[in-house]
Student: 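Questions regarding the structure given below will be posed in turn.
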Amino acid sequence: DENFFENVFSSLIEGIAVVSGEMKILAGNLAFQELFRQSLDALLEKSVDELFPHHPEIAAMARESFESAAAFCDKEATIFIKDSLTEFPVVLSISPYFSNEDIPSGALILCRDARFQKEVENSVRQSDSVLSLSVLALGMAHEIRNPLGGIRGSAQLLRDELPDKEQKEYLDVVVKEADRIDRMIR
């Protein structure tokens with residue numbers, strides 16, 4: 001039933017475009033139109049190169065898909081919206097589409113908005129950086145605390161051995177400052 005497939009095509013939440021053998025847009029669902037912020041009439045007959053001007057490899061993949069029935073998955077690209085001068089990441093899958101014969105009639109480009117995925121990846125990367133810094137800080141604190149304990153202990157022993165009260169006061173300062181550093185790195 002023709003309406004069934006038309007309804008499925010228009011109901012997809014990911015953008016999908018049908019591309020001719022000449023690499024021109026023949027059809028696109030509503031999600032595809034929303035990604036490019038253009039109506040279907042504005043998109044029709046545009047070339048793949050026009051839609052992805054910074055990614056000539058996409059047209060090459062679509063052409064290869066048409067000519068040799070090759071399929072490509074998870075190709076990262078960006079969509080540039082001229083009106084708002086913004087760009088955002090997308091992930092594409094490209095595959096041939098066939099008419100009634102076993103010969104490709106063109107290509108299908110499935111286009112998924114990857115903004116959320118990139119935000120999650122950046123958050124994970126930042127979390128990894130914070131974790132790495134925490135591990136580094138703990139290691140440094142341990143490495144500082146060990147010699148600091150030696151300095152403190154030696155100052156206490158030396159203080160107990162000295163008869164001069166003024167020299168003992170200097171060593172009390174060393175012990176107090178060692179204790180202060182120890183509190184800071186805990």
Side-chain angles (χ1 to χ4, degrees), residues 12-17 28-38 43 48-62 64-65 70-95 108-186:
L12 290 170
I13 61 170
E14 294 180 337
I16 189 162
N29 67 353
L30 186 59
F32 192 78
Q33 296 169 53
E34 288 173 0
L35 280 172
F36 284 91
R37 292 184 177 89
Q38 294 183 40
L43 288 168
V48 174
D49 285 324
E50 287 177 85
L51 294 178
F52 300 98
H54 303 298
H55 299 282
E57 71 276 13
I58 294 171
M61 286 185 228
E64 187 175 343
S65 186
F72 303 92
C73 291
D74 299 329
K75 167 65 182 148
E76 293 185 5
T78 53
I79 291 178
F80 181 73
I81 308 299
K82 289 180 184 174
D83 296 345
S84 60
L85 298 175
T86 59
E87 65 178 24
F88 58 90
V90 292
V91 176
L92 307 174
S93 292
I94 303 170
S95 58
L108 298 173
I109 298 178
L110 181 80
C111 196
R112 182 171 28 100
D113 187 337
R115 285 179 279 200
F116 179 72
Q117 177 183 340
K118 291 294 180 188
E119 287 173 16
V120 169
E121 288 172 2
N122 287 338
S123 294
V124 168
R125 215 173 290 118
Q126 287 174 349
S127 295
D128 287 347
S129 295
V130 169
L131 182 61
S132 295
L133 286 174
S134 297
V135 169
L136 179 65
L138 285 172
M140 286 178 62
H142 177 75
E143 291 302 318
I144 292 170
R145 206 174 289 127
N146 282 347
L148 190 61
I151 292 169
R152 185 184 190 285
S154 295
Q156 284 177 320
L157 289 174
L158 187 57
R159 183 187 66 200
D160 293 342
E161 296 291 320
L162 292 174
D164 186 354
K165 185 178 179 180
E166 188 178 321
Q167 290 177 336
K168 283 185 177 191
E169 287 177 7
Y170 290 133
L171 290 171
D172 285 338
V173 170
V174 171
V175 170
K176 285 179 187 174
E177 291 302 312
D179 288 343
R180 187 173 74 85
I181 293 171
D182 189 55
R183 283 192 303 274
M184 285 188 328
I185 59 176
R186 281 191 189 261

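Given the structure is predicted, the values throughout are model-derived calculations rather than measurements.
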Student: Of all heavy-atom pairs between Ile13 and Ala31, which one has the smallest distance, and what is that distance?
Tutor: O-CB, 3.6 Å

Student: Going from CG on Leu110 to CG on Asp74, what distance comes out if it is rounded to the nearest 0.5 angstrom?
Tutor: 9.5 Å

Student: Please, which pairs that meet salt bridge (charged side-chain N to carboxylate O under 4.0 Å, His left out) have at least one residue in residues 159-170, sequence neighbours excluded?
Tutor: Arg159-Asp172

Student: Under the 3.5 angstrom rule, does the side chain of Ser65 hit a backbone N or O of Ala71 as a donor-acceptor pair?
Tutor: no

Student: Looking only at heavy atoms, what is the nearest atom pair of Gly15 and Asn29, with distance?
Tutor: CA-OD1, 3.4 Å

Student: Okay, side chain of Arg145, backbone of Asp182: is any donor-acceptor separation there less than 3.5 Å?
Tutor: no

Student: Looking only at heavy atoms, which two atoms of Ile94 and Ala62 are closest? And how far apart?
Tutor: CG2-CA, 3.8 Å

Student: Using side-chain heavy atoms (C-beta onward) and a distance below 4.5 Å, is Phe52 in contact with Leu92?
Tutor: yes

Student: Assess the side chains of His54 and Thr78: does a donor N or O sit below 3.5 Å from an acceptor N or O?
Tutor: no

Student: Taking it one step at a time, do Met61 and Lys75 satisfy side chain to side chain contact (heavy atoms under 4.5 Å, CB included)?
Tutor: CA-CA 10 Å; Met61 286 185 228; Lys75 167 65 182 148; 3.5 Å; yes

Student: Check salt bridge (charged side-chain N to carboxylate O under 4.0 Å, His left out) between Asp49 and all other residues, then give those that pass, not counting sequence neighbours.
Tutor: none

Student: At what distance, to the nearest 0.5 angstrom, does CD1 of Ile16 lie from CD of Glu14?
Tutor: 9.0 Å

Student: So do the side chains of Phe32 and Leu12 get within less than 4.5 Å of each other, counting heavy atoms only?
Tutor: no

Student: Measuring only between side-chain heavy atoms, which start at C-beta, is Glu34 closer than 4.5 Å to Leu30?
Tutor: yes

Student: Just verifying a value: how many Å separate Cys111 SG and Phe36 CZ, rounded to the nearest 0.5 Å?
Tutor: 5.0 Å

Student: Nearest 0.5 Å please: distance from the CG atom of Asn146 over to the CD1 atom of Ile151.
Tutor: 11.0 Å

Student: Let me confirm one number: the NE2-CD1 distance from His55 to Ile79, rounded to the nearest 0.5 Å.
Tutor: 9.0 Å

Student: Which value, rounded to the nearest 0.5 Å, describes the distance between Leu43 atom CG and Leu35 atom CG?
Tutor: 10.0 Å

Student: Any donor-acceptor pair under 3.5 Å linking the side chain of Asp113 with the backbone of Val90?
Tutor: no

